[in-house]
Amino acid sequence: MSAVTWRALATDGEARAGMLSTPHGEVSTPAFMPVGTKAAVKAVDTDDLHAVGAEMILANTYHLMLRPGADLIADLGGLHEFMSWDRPILTDSGGFQIFSLEPEITDEGAVFSSVYDGSTVELTPEDAVRIQERLGPDIAMVLDVCVGLPAPREEVEVQMRRTLQWADRSLEAHTREDQALFGIVQGGVDLDLRAESARETAALGFEGIAIGGLSVGESAEERNTALTAAVVELPPDRPRYVMGLGDTDGLLDAIARGADMFDCVIPTRLARHGRALTSTGDFNINRVEFTDDRSPLDDECGCSTCSRYTRAYLRHLVRMGELSAHRLLTIHNLTYLLDLVAGARQAISAGEFEIYVAAVRSERDSG
RNA sequence: GUGGCCGUAGCUCAGUCUGGUAGAGCACCUGGUUGUGGUCCAGGAUGUCGCGGGUUCAAGUCCCGUCGGUCACC
């Protein structure tokens, strides 16, 4: 019996709408997962997350193993109880930190210098699985090696094969039956490597498969062709998760190619930097033209920020460094992206996904 | 009243001794940020150098005067 299953509800071309079932409930797909690296989506709380329509969130193995530690979280009842979030959680394995923190990598694993105190931290694929079993998310990810692009083909190939080896070891180490383990496809923007990685990863029998190593420096076109090359090799009855992707065009492109799940720091990070995502394009609320603007961030948005506050007020909060600015903009940006994928789900079910994409882009480009 | 110090970008100031394309930090204006260190990065705009006169090829800088601020003393 699988911890996590996915079933299709509708398809439109390659795009698919479906339902992901997890130990902590169901998630409609395509789904966008806000990022809560340290067991917190920055600036908001779980009430806010429910209010903006988030059904599943993401946390991070590397950060949580260091602070406060996986054993402590396990003692306190696991991630869900620890952070008071009773819906599905997915944890990233620390693979992205292999990209962003540049640890020493061997066949055995990765050796980090802790970002908190500089101490040496080793993380093997087995460690990542064991730690995630302690943390207790609904979905755990295998430790992978995410390569920044552009990179030499040899480097991409070496790390893709290493990721496959690690995937195999991860499955071997995985014991919790109430937790799913997802494999991760690598291969950069090389179509043959992508296809091979996808085939081999799929053959290992994961309950779901992620496509990683994208949005790390390649062009949108390269990303899309790499995505297609991978997706066609994946089993149609398993969820497909594109890691780290979260700009409007990227999401629509990936959904059109059959992707089901996404996460990205864009909405939350940009919010803390004063940038608002809207149906007519994104902008920095700091701009002087908004000084006396009485309109909401987005006329079409129904979030609690847009229903109550003007651009002029939000600009003031951002400029003064008021903490509420982070929360209010984060609520709005998450609402925008979650509404975007909700619209995609609806359009797929109605057989109108292409029309939806055209409408979203047309409105954005007119604004 | 006498003496000292100060007056340069929106703000705080460097540059004056030893004349040679007017600067920095902050603030301001744009843009960037993709499996997160609330950062950071990259560009940009900004000046009657208090005012007047003099010396000089050339004055923010040297000289004279003057205005304003400030401190000390009487």
Could you go over nucleotides 43-45 of chain B and give all protein N or O partners under 3.5 Å, atom names and distances?
none

Return the polar atom pairs (N/O with N/O) between nucleotides 31-34 of chain B and the protein under 3.5 Å, or none.
{"residue": "B/G31", "atom": "OP1", "partner": "A/Arg287", "partner atom": "NH1", "Å": "3.2"}
{"residue": "B/G32", "atom": "OP2", "partner": "A/Arg275", "partner atom": "NH1", "Å": "3.2"}
{"residue": "B/G32", "atom": "OP2", "partner": "A/Arg275", "partner atom": "NH2", "Å": "2.6"}
{"residue": "B/U33", "atom": "O2'", "partner": "A/Arg269", "partner atom": "NH1", "Å": "3.3"}
{"residue": "B/U33", "atom": "N3", "partner": "A/His273", "partner atom": "ND1", "Å": "3.4"}
{"residue": "B/U34", "atom": "O2'", "partner": "A/Ser215", "partner atom": "O", "Å": "3.1"}
{"residue": "B/U34", "atom": "O2'", "partner": "A/Gly244", "partner atom": "O", "Å": "2.7"}
{"residue": "B/U34", "atom": "O2", "partner": "A/Gly244", "partner atom": "O", "Å": "3.0"}
{"residue": "B/U34", "atom": "O2", "partner": "A/Gly246", "partner atom": "N", "Å": "3.2"}
{"residue": "B/U34", "atom": "N3", "partner": "A/Asp247", "partner atom": "OD1", "Å": "3.3"}

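When the nearest nucleotides of RNA chain B are assigned to A/Val288 and A/Val41 by heavy-atom distance, the more 5′-ward of the two goes with A/Val288.
B/A42 and B/G35: their C1' atoms are spaced 26 Å apart (whole Å). Between B/G44 and B/C49, the distance separating the two C1' atoms is 23 Å to the nearest Å. Comparing B/C64 with B/C6, their P atoms sit 15 Å apart, to the nearest whole Å.
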Run the side-chain donor-acceptor check on residues 146-153 of chain A: report pairs under 3.5 Å with partners two or more places apart or on a different chain.
{"residue": "A/Arg153", "atom": "NH1", "partner": "A/Asp190", "partner atom": "OD1", "Å": "3.4"}
{"residue": "A/Arg153", "atom": "NH1", "partner": "A/Asp190", "partner atom": "OD2", "Å": "2.8"}

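A/Leu90 comes within 4.0 angstrom of no nucleic acid atom, judged by non-hydrogen atoms across all strands. Using a 4.0 Å heavy-atom cutoff across all strands shown, A/Val35 reaches at least one base atom of the nucleic acid.
In terms of the side-chain contact (heavy atoms from CB on, under 4.5 Å) criterion, A/Glu81 has no residue partners (sequence neighbours excluded).
Taking atom CG of residue A/Asn286 and atom P of nucleotide B/C29, one finds them 7 Å apart after rounding to whole Å.
For the side-chain contact (heavy atoms from CB on, under 4.5 Å) test with A/Met243, the passing option among A/Val216, A/Ile211, A/Leu214, A/Asp92 is A/Asp92; the others fail.
Listed by residue number, the members of residues 56-63 of chain A with any heavy atom below 4.0 angstrom from RNA chain B are A/Leu58, A/Asn60, A/His63.
Sorted by first then second residue, the salt bridge (charged side-chain N to carboxylate O under 4.0 Å, His left out) pairs that include residues 336-359 of chain A, not counting sequence neighbours, number zero.
For A/Arg272 and B/U36, a side-chain-to-base donor-acceptor distance below 3.5 Å is present, hydrogens and geometry of angles not being considered.
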